Amino acid sequence: MRTDTAPVRDDESAAARRRALAVVVKVVLAALGIGMAWASLQLGVGRPADPGPGFWPLIVSGLLVLSVLVVIVGERGAEVEAGTPRSGLIVLAMASLALFTIGFAAIGFTVPALVLLVLWFRWLGREPWWLSVLLAVVCVGVLYGVFAIALGVPFPPDLVVPTS
Amino acid sequence: MEALLGGFDVALSPENLLYVLFGAVIGMVIGVLPGLGPAPTIALMLPLTYSLSPETAVIMLAGVYYGSMYGGTVTSVLLRIPGEAASVVTAIDGYEMARQGRAGPALGISAIGSFIGGTVAIVGLTVAAPALADVALHFGPPEYAALALLGLVLASYLGSGSFPRAFIAVCIGLLLATVGQDPITGDARFTGGSIELLSGLDLVAVAIGLFGIGEILYNLERTTDVGEAVRTKFRDVFPARDDLRAARGAIARGSVLGFLIGALPGGGGVVSSLGSYAMEKRLAKQPERFGKGAIEGVAGPETANNASSSSAFIPLLTLGIPSNVVLALIFGALLLQGITPGPGLVNEHPDLFWGVIASMYIGNVLLLILSLPLVGVFAQLLRVRMTLLAPIAVMLSVIGAYSINNSVFDIWAVFVFGIVGYLMRKIGFEPGPLVLAFVLGTILETSFRQSLLVSGGSFGIFVSRPFSAAVIIAVAAVVVWSVRQSLRARKKERAQPRKPPAVV
């Protein structure tokens with residue numbers, strides 16, 4: 001299996017977008033540091049002899065801002081990676097995981113897990129339907145067996161199987 | 001010696017034997033699979049350790065770690081893709097050897113070297129750890145603060161990215177560790193009024209999110225096609241006498257080098273194998289053979305990374321300071337069990353301390369037995385598609401996170417950290433230093449503030465005590481050196497290709 005980066009068409013405009021994104025990343029990180037420093041001040045810094053709850057977070061926030069500055073001064077390359085044709089699938093995967101979590105809390109483990117796994121094997125893996133369904137059923141069975149039965153984890157009330 | 005024999009009593013119990021075998025095999029397997037390294041695997045396994053006894057849990061997780069060092073070689077040699085980060089350099093000469101039809105000896109010498117390196121390091125661990133724990137008993141808060149800081153700075157320096165970038169991840173990890181109650185005053189910090197956050201973010205949720213989901217999504221996205229493995233027959237994995245003679249020196253030097261580097265805070269597999277490769281090349285009579293299938297270039301690094309994965313347990317078991325992200329997760333497993341590792345561990349939990357060490361002797365023998373005749377079987381794992389593994393791993397992440405506190409809140413935490421982990425990799429940050437900092441954050445903050453309370457607010461306390469002063473000087477040296485380097489690198493940056501991102 002190959003895990004090196006897929007060849008990506010990196011024309012002028014894409015390179016410019018990535019450079020812009022790299023700048024955004026640095027600005028966001030600097031803002032995070034400044035925001036955390038402000039929040040630490042709100043908590044109360046105290047004195048070195050009697051440090052308050054905000055004392056340590058303030059120091060760390062300061063170090064964060066400092067590191068971001070070193071990156072801004074020291075680096076010019078766009079360290080941001082380009083998306084690949086598969087990036088869209090990642091968004092889809094995370095969205096379906098969010099739906100799974102909602103379903104898990106509402107109707108238990110088995111049905112949402114089965115649906116999620118079948119779709120993932122099918123969409124992300126492009127496996128044939130029969131293999132997707134078979135694997136999903138086996139996985140759900142094993143996970144249910146290990147966690148709910150062997151380890152006694154109380155899953156939310158389930159549509160299909162009893163839960164403890 | 002008696003204590004070690006007691007450890008063997010623990011390690012040889014049928015249950016622990018089973019778990020060391022289980023851990024070692026899992027480690028081998030995930031070492032072979034590109035895209036799954038020891039850190040994500042151990043993160044995924046943390047919830048399962050909850051129901052085990054502490055020594056069994058660590059015995060199993062340790063097996064995963066050093067087992068992955070054996071397994072990582074297979075992918076490097078056959079595919080030129082490191083199965084885990086520490087096997088990066090093996091891909092150079094190992095793959096060349098495979099192309100010349102010598103995959104068998106390359107894998108064989110790696111297994112033998114790994115066994116020797118691992119065993120030498122465990123002997124060193126057996127001798128050095130109790131003595132070091134004795135010394136560490138005299139350490140106070142300033143020494144701990146200094147050591148934790150050194151660990152973070154070295155981890156940033158030795159990581160695969162640039163120092164300031166890794167240090168940004170460290171700072172974010174430290175800030176995440178402050179969420180929840182102040183360890184000294186008890187005030188709520190950065191909880192946004194949430195009751196769930198009052199007890200702090202759960203390490204398991206953070207680690208599973210960043211590694212189990214983020215890392216796997218990242219690798220899933222980049223997986224394009226199944227590479228063509230060098231086809232080979234594995235009958236002749238036992239290296240010929242000439243091969244053994246050629247590799248002898250490399251294995252001896254790799255054992256010592258790996259042991260020393262592994263014992264440093266921040267040290268681990270990658271640095272030791274890179275160091276060994278560089279050393280062998282420099283010492284070689286014909287350095288031009290390197291890159292063209294020199295067996296020393298395989299034997300040395302593979303020996304060193306295994307030695308370092310064993311000696312990396314020294315700082316954890318004697319100081320309670322994990323030296324890299326894998327050890328940080330094992331530290332987390334102990335915390336889940338209600339045990340805080342530190343210099344007292346050897347006296348308070350001798351079964352754990354000596355049982356884990358004894359299990360490593362056994363684990364290395366098992367891995368040698370497993371890897372020599374079965375290397376062909378493990379090579380078959382290369383056919384497993386990432387797209388089949390990823391959904392299973394993600395489902396395991398989610399359910400595992402839920403099982404820690406039986407709360408859906410933890411699933412959402414995993415979800416958020418999954419996105420964070422994926423984005424971090426996309427914008428050029430490693431999640432490893434963040435997780436290490438998250439674990440060390442509480443130790444660092446508590447000992448830092450305790451030091452100031454002791455000294456009445458004077459920062460001089462960190463430099464007036466000889467040991468912490470020495471450590472602080474080391475920290476300062478590393479910071480100055482690496483900031484200078486990264487500022488200088490700016491000029492050369494365009495000319496140089498980017499370093500490949502490591503598989504953690």
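Residue numbers begin at 1 in each chain, while the letters A, B, ... track the order of the sequences. Keep in mind that the numbers below use all heavy atoms, side chains included, and drop hydrogens, waters and symmetry copies. All values reported here derive from a predicted model rather than from experimental measurement.
- Proximity to chain A is limited to the backbone of Ala188(B), based on heavy atoms less than 4.5 angstrom apart.
- Residue contact with chain B, scored on non-hydrogen atoms closer than 4.5 Å, is absent for Leu69(A).
- For a residue to count as touching a neighbouring chain, one of its non-hydrogen atoms must lie under 4.5 Å from one of that chain's; by this rule Leu64(A) touches chain B with backbone and side chain alike.
- Most heavy-atom pairs under 4.5 Å with chain A: of the set Thr178(B), Leu453(B), Asn406(B), this distinction falls to Asn406(B).
- Among the residues in residues 95-104 of chain A, those with a non-hydrogen atom closer than 4.5 angstrom to a non-hydrogen atom of chain B are Leu97(A), Ala98(A), Phe100(A), Thr101(A), Ile102(A), Phe104(A).
- Residue contact with chain A, scored on non-hydrogen atoms closer than 4.5 Å, involves the side chain of Phe448(B) exclusively.
- Looking at Val25(A), the atoms closer than 4.5 Å to chain B (heavy atoms on both sides) all sit in the side chain, from C-beta outward.
- A heavy-atom distance below 4.5 Å is not found between the side chains of Leu92(A) and Leu119(A).
- Using a 4.5 Å heavy-atom cut-off against chain B, the contacting residues of residues 132-141 of chain A are Leu135(A), Cys139(A).
- Per-residue counts of heavy-atom pairs under 4.5 Å with chain A were compared for Ile184(B), Val454(B), Leu452(B); the largest is that of Leu452(B).
- Checked by atom type and distance alone, the side chain of Thr49(B) pairs as donor or acceptor with a backbone atom of Leu46(B) at under 3.5 Å.
- Taking Ile172(B), Leu444(B), Asp182(B) one by one and counting their heavy-atom pairs under 4.5 Å with chain A, the maximum is reached by Asp182(B).
- In this structure, Val146(A) and Leu48(B) have side chains that are in contact, with non-hydrogen atoms separated by less than 4.5 Å.
- Interface remark: Leu423(B) contributes no atoms to any contact with chain A (heavy atom separation under 4.5 Å).
- Your options are Asp187(B), Leu388(B), Val170(B), and the one with the most heavy-atom pairs under 4.5 Å with chain A is Leu388(B).
- Most heavy-atom pairs under 4.5 Å with chain A, from the set Leu174(B), Ile419(B), Leu396(B), Leu175(B): that is Leu175(B).
- For Ile59(A), the part lying under 4.5 angstrom from a heavy atom of chain B is the side chain only.
- Interface remark: Phe163(B) contributes no atoms to any contact with chain A (heavy atom separation under 4.5 Å).
- Per-residue heavy-atom pair counts under 4.5 Å with chain B were compared for Gly52(A), Gly54(A), Ala150(A), and the maximum is reached by Gly52(A).
- Most heavy-atom pairs under 4.5 Å with chain B, from the set Leu21(A), Leu89(A), Asp50(A), Leu29(A): that is Leu29(A).
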